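Numbers restart at 1 for each chain; the letters A, B, ... are given by sequence-line order, proteins then strands. The figures that follow rest on heavy atoms only: side chains count, while hydrogens, waters and symmetry mates do not. This is a predicted model, so every value here is computed, not measured.
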2 protein chains.
Amino acid sequence: MQKASVRKGGIERDDVIAAALKLLGPNRSVSSLSLREVAREAGIAPNSFYRHFRDIDELAVALIDLAGGTLRQIIREARLRVSAGGEVVRPSVEAFMEQLGSDDKLLHILLREGSVGSDAFKQAVDRELRHFEDELRDDLIRLSQVDWPKAYQPALVSKAITRLVFAMGSAAMDLPPEQRQQMTDQTVEMVRMIVVGAQALAREVPSPN
Amino acid sequence: MQKASVRKGGIERDDVIAAALKLLGPNRSVSSLSLREVAREAGIAPNSFYRHFRDIDELAVALIDLAGGTLRQIIREARLRVSAGGEVVRPSVEAFMEQLGSDDKLLHILLREGSVGSDAFKQAVDRELRHFEDELRDDLIRLSQVDWPKAYQPALVSKAITRLVFAMGSAAMDLPPEQRQQMTDQTVEMVRMIVVGAQALAREVPSPN
DNA sequence: CACATGTCTATACAGGTGTATAATGACTGC
DNA sequence: GCAGTCATTATACACCTGTATAGACATGTG
C-alpha cells in the first residue's frame with residue numbers, strides 16, 4: 001500500500017530505467033531516446049511508460065540522479081585508497097578512470113551529456129557535478145590541515161580539478177585501454193600542476209581566509 | 001566554372017549551413033536537427049539537401065570545421081592582446097570568453113557537443129580541439145624562450161589549459177553576464193595555477209628535454 | 001456476489017522522418 | 001531552334017513518433 005514496489009511480477013520503474021540504459025551506447029545519447037523505444041525495450045506498451053514517468057525528460061533526470069550514486073562510489077573508493085598510502089592525487093584519479101573503464105553507463109551519461117538536453121536535465125547534471133566539487137573541496141581542506149601547507153582557495157582548486165578530470169575522462173572514454181592509461185598519467189600530472197600551483201600562489205599572495 | 005558559387009541567385013551550401021545555425025540554440029543540439037527541418041528553414045525542398053551534403057552528419061562536420069575558424073580567430077585575437085600588454089593569461093582567457101558572449105553559435109557547438117553524435121562528428125571536434133592545443137603549446141614554447149623560465153612539459157600544460165578552459169566556457173555559456181564574468185575570473189586563476197604549478201614542478205624535476 | 005478501482009493493453013490518429021521516383025524548368029552547346 | 005544536362009521540385013512511400021481513447025483484466029471492498 002506504499003509506493004509501487006513489486007505489486008505483481010509486473011514491470012516497475014527500475015525496469016524501465018534498466019531498459020533505457022541498455023539502449024545507451026557510444027553513439028546513442030540520452031536525449032536521442034524515444035519513449036516508444038524505451039517502452040519496447042522494457043517490454044511494455046508505449047502508454048504504460050506514463051505510469052512511471054511523466055515524460056522522457058523525467059527519465060533522463062532519473063538516470064542522472066542514479067549516476068550521482070556512481071559518482072559518490074568513486075569518491076568513497078578514492079578516499080579509501082588515499083588513507084591507505086601516502087599519495088593523494090594518483091590513487092584518486094585512478095579510481096575515477098577505473099570506474100570509467102567498467103561498462104557502467106551511468107558515469108558516461110554524467111560526463112558526456114551535461115550540456116545538451118532539456119533545462120531540467122542540465123540542472124540535474126550540474127547538481128551532481130557541484131556535489132562532486134564540494135566533496136573534493138572538503139577533502140582538500142581536511143588534507144591541508146593534516147599535512148599540507150595552507151591551500152590557496154580550495155573551492156577554486158576543487159572546481160578546476162573536477163572540470164579537468166571530467167573533461168579528460170570524457171575524452172578517455174572511447175579510447176583503447178592502453179591510451180586510456182596514458183590519459184590517466186597525463187591527468188595525474190595535470191592535477192599535480194594545479195595543486196602545486198595553488199600552493200605556490202598561496203605563498204606569493206596569502207589567501208584572505 | 002569552378003566549384004559552385006553564385007550560379008544563379010540560388011541557394012548554396014553556405015545558406016544551408018546558415019539555416020542550420022539559425023535553428024540551433026541552448027536547447028537545440030546539432031544531433032537533434034532533422035534534414036527536413038534544415039531544408040525547410042533554408043527554403044528548399046528536402047531532396048535538394050542532398051545536392052549540398054550527403055547526409056545530416058556531413059552538415060554537422062561542416063559546422064564543426066567552420067567552428068574551427070572561430071577558434072582560430074580567438075587565438076589570433078588573444079595573441080594580439082598578449083603582445084600588447086605584459087600579461088598573458090588574462091587577455092587570452094578574456095578573448096575566449098568574449099567570443100563566447102557573442103551569439104556566434106559556432107563556438108557553442110564545439111564546446112558542448114564534442115561527445116555526442118556520430119563518430120565522424122566526434123572526430124571532427126577532436127581534430128579542432130587538438131589544433132587549439134597545438135597552437136597553444138607552440139605559444140607556450142615561444143614564450144618560455146623569451147621571458148619565462150623553461151616550461152615543464154608544454155604539451156601537457158597546453159592540453160590541461162585547453163580542456164579546462166573549454167569546460168569552464170561550456171559551463172559559462174548559459175549563465176547571465178555577471179556570473180559569466182565571475183567564471184572568467186575563476187578561469188584566469190585556474191590557468192595561472194596550472195602555469196605556476198608547471199614551473200614549480202620544472203624546478204623540482206627538470207624536464208627531460 | 002456485484003461493483004468500483006487501478007493497471008495494462010490494443011487501436012488509432014495526426015504529424016514527423018529519410019529518401020525513391022518522376023516531372024518541371026532553366027541553362028548549355030550545336 | 002532544339003536536344004541534352006543539370007538543379008530543383010512535387011509527390012509518394014514506409015516507418016517512426018507522442019499521445020488520446022477505450023477495452024481487458026485483476027484486484028480490493030461492500
Side-chain angles (χ1 to χ4, degrees), chain A residues 1-25 27-63 113 116-121, chain B residues 1-25 27-64 113 116-121 124:
Chain A
M1 48 190 59
Q2 293 284 80
K3 287 290 176 52
S5 256
V6 199
R7 266 269 303 250
K8 295 188 308 184
I11 299 293
E12 293 306 326
R13 207 171 189 267
D14 290 352
D15 299 280
V16 179
I17 291 181
L21 282 175
K22 224 181 295 176
L23 289 171
L24 294 177
N27 288 322
R28 210 68 174 70
S29 71
V30 176
S31 46
S32 77
L33 290 179
S34 84
L35 183 153
R36 280 183 114 107
E37 198 178 6
V38 174
R40 207 180 305 130
E41 179 71 33
I44 59 175
N47 261 327
S48 296
F49 183 92
Y50 295 116
R51 299 281 148 194
H52 307 289
F53 301 95
R54 180 186 307 273
D55 53 24
I56 203 79
D57 262 3
E58 197 173 294
L59 207 206
V61 172
L63 287 174
E113 314 199 40
V116 290
S118 71
D119 286 334
F121 184 74
Chain B
M1 50 184 58
Q2 292 285 81
K3 285 290 174 55
S5 258
V6 200
R7 267 268 303 247
K8 294 187 307 183
I11 298 294
E12 293 305 328
R13 206 171 189 271
D14 290 352
D15 299 278
V16 178
I17 291 180
L21 282 175
K22 224 180 296 175
L23 289 171
L24 294 177
N27 289 320
R28 209 72 174 66
S29 70
V30 176
S31 45
S32 77
L33 289 179
S34 84
L35 182 154
R36 282 183 111 107
E37 198 178 4
V38 174
R40 206 180 308 131
E41 180 70 34
I44 60 174
N47 260 328
S48 295
F49 183 92
Y50 295 117
R51 298 284 148 192
H52 307 289
F53 302 95
R54 179 187 309 273
D55 53 24
I56 203 79
D57 262 3
E58 196 172 297
L59 207 208
V61 172
L63 286 174
I64 289 296
E113 314 199 40
V116 290
S118 70
D119 286 335
F121 184 74

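- Residues A:L35 and A:F53 fail the side-chain proximity criterion, which asks for heavy atoms closer than 4.5 Å.
- Of all heavy-atom pairs spanning B:S29 and B:S32, the tightest one is O-OG, 2.8 Å.
- If you take CZ of A:R40 and P of C:dT9, they are 14 Å apart, rounded to a whole angstrom.
- In this view, A:A120 and A:V61, A:S118 satisfy the side chain to side chain contact (heavy atoms under 4.5 Å, CB included) rule, not counting sequence neighbours.
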So which protein nitrogen or oxygen atoms get under 3.5 Å of nucleotides 23-25 of chain D's nitrogens or oxygens?
none

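- Qualifying side-chain hydrogen bond (donor to acceptor under 3.5 Å, both in side chains) partners for B:S48, counting only residues two or more places apart in sequence or in other chains: none.
- Taking atom NE2 of residue B:H52 and atom P of nucleotide C:dG18, one finds them 16 Å apart after rounding to whole Å.
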N/O to N/O distances under 3.5 Å, protein versus nucleotides 18-20 of chain D:
{"unit_1": "D:dG18", "atom_1": "OP1", "unit_2": "A:L35", "atom_2": "N", "d": "2.7"}
{"unit_1": "D:dG18", "atom_1": "OP2", "unit_2": "A:L35", "atom_2": "N", "d": "3.3"}
{"unit_1": "D:dG18", "atom_1": "OP2", "unit_2": "A:R36", "atom_2": "N", "d": "2.9"}
{"unit_1": "D:dG18", "atom_1": "N7", "unit_2": "A:R36", "atom_2": "NH1", "d": "2.3"}
{"unit_1": "D:dG18", "atom_1": "O6", "unit_2": "A:R36", "atom_2": "NH1", "d": "2.6"}
{"unit_1": "D:dT19", "atom_1": "OP2", "unit_2": "A:Y50", "atom_2": "OH", "d": "2.3"}
{"unit_1": "D:dT19", "atom_1": "O5'", "unit_2": "A:Y50", "atom_2": "OH", "d": "3.0"}
{"unit_1": "D:dT19", "atom_1": "O4", "unit_2": "A:R36", "atom_2": "NH1", "d": "3.1"}
{"unit_1": "D:dA20", "atom_1": "N6", "unit_2": "A:N47", "atom_2": "ND2", "d": "2.4"}

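- The closest side-chain heavy-atom distance from B:L33 to B:L24 is below 4.5 Å.
- Nucleotide D:dT9 holds its P atom 14 Å from the CZ atom of B:F49, rounded to whole Å.
- Under the side chain to side chain contact (heavy atoms under 4.5 Å, CB included) criterion, B:N27 pairs with A:D119, A:K122, not counting sequence neighbours.
- The distance from the CD atom of A:E58 to the OH atom of A:Y50 is 12.0 Å, given to the nearest 0.5 Å.
- For the OP1/OP2 pair of D:dA7 and a distance below 4.0 Å, the side-chain nitrogens and oxygens of B:S48 include no atom meeting the criterion.
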Just list the side-chain donor-acceptor pairs under 3.5 Å for residues 36-47 of chain B, sequence neighbours left out, or say none.
{"unit_1": "B:E37", "atom_1": "OE1", "unit_2": "B:R28", "atom_2": "NH2", "d": "2.7"}
{"unit_1": "B:E37", "atom_1": "OE1", "unit_2": "B:S34", "atom_2": "N", "d": "3.4"}
{"unit_1": "B:E37", "atom_1": "OE2", "unit_2": "B:R28", "atom_2": "NH2", "d": "2.5"}

